[in-house]
Amino acid sequence: MLKSKMKQIRSDAITENFLVSFHAREEMANDKYLLSDVIDGLLNGEILEDYPKHKRGACCLVNGVTESGRPIHIVCTTEKSPMAIITVYEPKPPKFETPTKRRQ
């Protein structure tokens with residue numbers, strides 16, 4: 001199931017079949033990510049957390065890396081087209097110990 005979701009996310013990233021929310025654009029600017037960084041993260045990333053029953057619709061957290069090697073987290077929808085990028089951020093303390101491990 002997650003493999004097919006990630007396959008669709010990659011396909012949408014390649015074809016640029018996505019929308020970027022205002023919130024995501026603000027967070028990208030705050031953390032100095034470019035749209036190309038988001039696309040890189042989606043292309044090489046993996047689903048870290050899946051939220052199929054989220055109150056605003058199915059979405060997931062993708063953990064990826066930019067071309068320069070910087071970690072990036074992208075929350076995006078998984079069942080609507082075009083895909084929506086909800087938020088983008090750098091995984092770091094206090095919320096994350098590592099890019100793949102949430103702080104307890």
Side-chain angles (χ1 to χ4, degrees):
M1 181 72 165
L2 292 183
K3 273 190 165 186
S4 64
K5 283 184 185 182
M6 199 62 229
K7 184 177 179 181
Q8 184 61 51
I9 289 168
R10 286 189 181 110
S11 175
D12 288 345
I14 288 168
T15 60
E16 296 189 20
N17 182 36
F18 58 84
L19 303 171
V20 181
S21 73
F22 180 77
H23 174 74
R25 289 188 186 278
E26 285 184 321
E27 293 301 309
M28 288 166 61
N30 289 343
D31 284 349
K32 296 180 175 60
Y33 284 117
L34 302 173
L35 186 57
S36 60
D37 295 326
V38 174
I39 293 170
D40 289 342
L42 293 172
L43 291 177
N44 68 48
E46 294 296 331
I47 295 175
L48 185 60
E49 296 175 1
D50 189 31
Y51 316 115
K53 299 188 186 295
H54 192 276
K55 64 184 176 185
R56 294 187 179 145
C59 58
C60 66
L61 169 61
V62 175
N63 173 54
V65 182
T66 66
E67 186 177 339
S68 67
R70 187 172 167 212
I72 186 170
H73 277 184
I74 304 134
V75 177
C76 58
T77 59
T78 56
E79 291 183 1
K80 295 180 182 178
S81 185
M83 173 175 67
I85 307 298
I86 299 165
T87 193
V88 175
Y89 58 90
E90 183 175 359
K92 59 186 175 185
K95 290 186 179 184
F96 284 85
E97 288 183 29
T98 70
T100 59
K101 185 177 179 193
R102 279 195 186 270
R103 189 167 219 165
Q104 299 299 326

Summary of salt bridge (charged side-chain N to carboxylate O under 4.0 Å, His left out) pairs that have at least one residue in [range], sequence neighbours excluded:
range: residues 82-98; answer: Arg70-Glu90, Glu97-Lys101
range: residues 47-57; answer: Lys5-Asp50, Glu49-Arg102
range: residues 71-83; answer: none
range: residues 7-23; answer: Arg10-Glu46

(Q) According to ring-ring contact (aromatic ring centres under 6.0 Å, His included), does anything in residues 1-20 pair up with another residue at least two apart or in another chain? List the pairs. (A)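 Counting only pairs at least two positions apart or across chains, no ring-ring contact (aromatic ring centres under 6.0 Å, His included) contact touches residues 1-20.
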
Q: Assess whether side-chain contact (heavy atoms from CB on, under 4.5 Å) is satisfied between Cys76 and Ile86, documenting all intermediate values.
A: CA-CA 5 Å; Cys76 58; Ile86 299 165; 5.8 Å; no

Q: Could you tell me whether a side-chain N or O of Asn44 sits under 3.5 Å from a main-chain N or O of Gly64, the two making a donor and an acceptor?
A: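 Answer holds: no.
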
Would you call [X] and [Y] a side-chain contact if the rule is heavy atoms closer than 4.5 Å?
X: Ile85; Y: Leu19; answer: no
X: Ile74; Y: Ile9; answer: no
X: Leu43; Y: Ile14; answer: yes
X: Lys32; Y: Asp37; answer: no
X: Leu61; Y: Ile47; answer: no
X: Val20; Y: Leu35; answer: yes

Can you name the side-chain hydrogen bond (donor to acceptor under 3.5 Å, both in side chains) partners of [X], sequence neighbours left out?
X: Ser4; result: none
X: Ser68; result: Thr66
X: His54; result: none
X: Tyr33; result: none

**Q.** Residues clustered with Leu34, ILVMFWY side-chain links under 4.5 angstrom
**A.**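 Traced through the cluster, Leu34 reaches no other member.
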
Q.
For residues 20-31, which residue pairs pass the side chain to side chain donor-acceptor pair (under 3.5 Å) check, not counting sequence neighbours?
A.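 Sorted pair list: His23-Thr87.
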
(Q) Using the ring pair (Phe, Tyr, Trp, His ring centres under 6.0 Å) criterion, which residues pair with Phe96? Sequence neighbours excluded. (A)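 With sequence neighbours excluded, Phe96 shows a ring pair (Phe, Tyr, Trp, His ring centres under 6.0 Å) to His73, given in chain and number order.
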
